[in-house]
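Notes for the one structure printed next.
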Amino acid sequence: MWYFLNVIFNILNKKIYNYFPYPYFVSVIHLFVGVVYCLIIWAVGLPKRAPIDSNLLKLLIPVAVCHALGHVTSNVSFAAVAVSFTHTIKALEPFFNAAASQFILRQSIPLTLWLSLAPVVIGVSMASLTELSFNWTGFISAMISNISFTYRSIYSKKAMTDMDSTNVYAYISIIALFVCIPPAIIFEGPQLMKHGFTDAIAKVGMTKFISDLFWVGMFYHLYNQLATNTLERVAPLTHAVGNVLKRVFVIGFSILAFGNKISTQTGIGTAIAIAGVAMYSFIKARMEEEKRQMKAA
């Protein structure tokens, strides 16, 4: 279900950008629909809303701000270039995570882990050089998204609580929504009011426009929620395999859905990058498992 919802979200999201190129506003809609969904399930008690205090709020705000920035910049990239290319760039996220662990958290990263990231960097570089849909807005936005999600991971470690993942993600979504609204108003508000909405409605009709925005928001929230719930319950190695296969699924289905033409070098580069991510994930998962066994012993 995690994969299915993720693939549907990416395809529908890109189709919306083809007739409504306003990623800041669409990012707000993603979060708004998710927040409304959370409020409804809280109201019916599935799950019961966990209480939140000022201390927990202080811990969650940095996580939510990084989540908001990473989400918006991902959407700016999706709107600017092919979905497959954005996901290829986002394959660099483990590299940024390793760098942050080494230089910010002062954790020792083994040489084998650094070496496993070399194919990722090489593969992304190869894919970028010959990507037919390449532009700097899409590339830089995807890179900023990588950095934002890296910091989200760092702050998430500090915000670990006894609260269940469904409630944690709900609170993060609410805070992130308030973070995303001002940039959407500033950067896209005038254009939306002048011709953005009218142009979109003229192209696809009011019903389809509203329906697309609603469903893309639902798929966004549900795939993130299912990913959070699933990864909370599986072993590190399963987590690693899941993340790699998810990216392969999204890239493959997006190419089929949109008929994107990719050069041979871009295809080879993407494959090398994904293989590097898999190698990194397996090594890191094995290290985490060894640490867990040592603690248990």
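Scope of the values below: all heavy atoms of this structure, side chains included, with no hydrogens, waters or symmetry mates.
In the hydrophobic clustering of ILVMFWY residues, with side-chain heavy atoms under 4.5 Å counting as a link, Met193 and Phe209 come out together. Criterion: ILVMFWY side-chain heavy atoms under 4.5 Å apart, direct or through other members. Under it, Phe25 and Val76 are not part of a common hydrophobic cluster. Val7 and Phe4 fall within the same hydrophobic cluster, where Ile, Leu, Val, Met, Phe, Trp and Tyr residues are linked whenever their side-chain heavy atoms come under 4.5 Å apart, directly or through other members. Under a hydrophobic clustering in which Ile, Leu, Val, Met, Phe, Trp and Tyr are joined whenever their side-chain heavy atoms come within less than 4.5 Å, directly or via other members, Val179 and Val36 fall into the same cluster. A chain of hydrophobic side-chain contacts below 4.5 Å, direct or via other Ile, Leu, Val, Met, Phe, Trp or Tyr residues, connects Leu39 to Ile41.
Tyr24 and Pro183 make their closest contact through CD2-CB, 4.1 Å (heavy atoms, listed as atom of the first residue, atom of the second, distance). Thr150 approaches Ala100 most closely through the heavy-atom pair CG2-CB, 3.5 Å. Thr88 and Val124 make their closest contact through O-CG2, 3.3 Å (heavy atoms, listed as atom of the first residue, atom of the second, distance). Summarising the geometry of Cys180 relative to Val28, their closest heavy-atom pair is O-CG2, 3.6 Å, with the distance given to 0.1 Å. Nearest heavy-atom pair, Lys15 versus Tyr19, reported as atom, atom and distance to 0.1 Å: O-CD2, 3.3 Å.
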Report the C-alpha distance between Asn55 and Leu59 in whole Å, list the side-chain angles of each, state the deciding distance to 0.1 Å, and finish with yes or no for side chain to side chain contact (heavy atoms under 4.5 Å, CB included).
CA-CA 7 Å; Asn55 291 327; Leu59 291 174; 5.9 Å; no
For a side chain to side chain contact (heavy atoms under 4.5 Å, CB included) check, start with the C-alpha distance between Ile274 and Ile251, then their side-chain angles and the critical distance, and finish with the verdict.
CA-CA 10 Å; Ile274 295 297; Ile251 290 173; 4.3 Å; yes
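Separation of atoms CG (Leu177) and NE2 (His67) is listed at 10.5 Å; rounding is to 0.5 Å. Distance CD1/Ile210 to CE/Met206: 5.0 Å, rounded to 0.5 Å. Separation of atoms CG (Asn10) and CG (Leu5) is listed at 11.5 Å; rounding is to 0.5 Å. If you take CG on Leu31 and CD1 on Ile175, they are separated by 11.5 Å, rounding to the nearest 0.5 Å. For the atom pair OG1 (Thr198) and CG (Leu192), the distance works out to 10.0 Å, reported to the nearest 0.5 Å. Atom CG in Asn13 sits 10.0 Å away from atom CG in Asn18 (nearest 0.5 Å).
Using a 4.5 Å cut-off on side-chain heavy atoms (C-beta onward), Pro23 and Val72 make no contact. Within the 4.5 Å cutoff, the side chain of Arg286 has no heavy atoms near those of the Ile283 side chain. Two residues are said to be in side-chain contact when any heavy atoms from C-beta on lie closer than 4.5 Å; Leu60 and Ile52 meet this criterion. A heavy-atom distance below 4.5 Å is found between the side chains of Ile272 and Met126. Using a 4.5 Å heavy-atom cutoff, the side chains of Ser27 and Asn75 are in contact. Contact of the Ile89 side chain with the Ser77 side chain is not registered, since no non-hydrogen atoms from C-beta on lie closer than 4.5 Å. In this structure, the side chains of Phe95 and Val120 stay at 4.5 Å or more apart for every pair of heavy atoms. For the pair Phe96/Tyr151, no side-chain contact is recorded, criterion being any heavy-atom separation below 4.5 Å from C-beta on.
Enclosure of atom OH in Tyr223 by more than 12 non-hydrogen atoms of other residues, nucleotides or ligands within 6.0 angstrom is indicated. In this structure, Lys203 places its NZ atom where more than 12 heavy-atom neighbours from other residues, nucleotides or ligands lie under 6.0 Å away.
Between His71 and His30, the ring-plane angle classifies as tilted under the 30° and 60° cut-offs.
No donor-acceptor pair under 3.5 Å is formed between the side chain of Asn6 and the backbone N or O of Trp2. Using a distance-only test at 3.5 Å, with no hydrogens or angles considered, a donor-acceptor pair links the side chain of Ser116 to the main chain of Leu113. The main-chain N or O of Val81 is found under 3.5 Å from a side-chain atom of Lys14 such that the two form a donor-acceptor pair. Of the possible polar contacts, one joining the Asn167 side chain to the Ala50 backbone as a donor-acceptor pair under 3.5 Å is found.
Pairs passing the ring pair (Phe, Tyr, Trp, His ring centres under 6.0 Å) check and including a residue from residues 32-52, sequence neighbours excluded, read Tyr37-His221, Trp42-Tyr171.
Ring to ring, Phe197 and Tyr22 are not that close: their centroids are 6.0 angstrom or more apart. Between Phe78 and Tyr17, the distance separating the two ring centers is not shorter than 6.0 angstrom.
Here Lys90 pairs with Ser74, Ser145 under the side chain to side chain donor-acceptor pair (under 3.5 Å) rule; sequence neighbours left out.
Checking Tyr220, Trp215, Phe253, Phe219 one by one against Phe9, the ring-ring contact (aromatic ring centres under 6.0 Å, His included) holds for a single residue, Tyr220.
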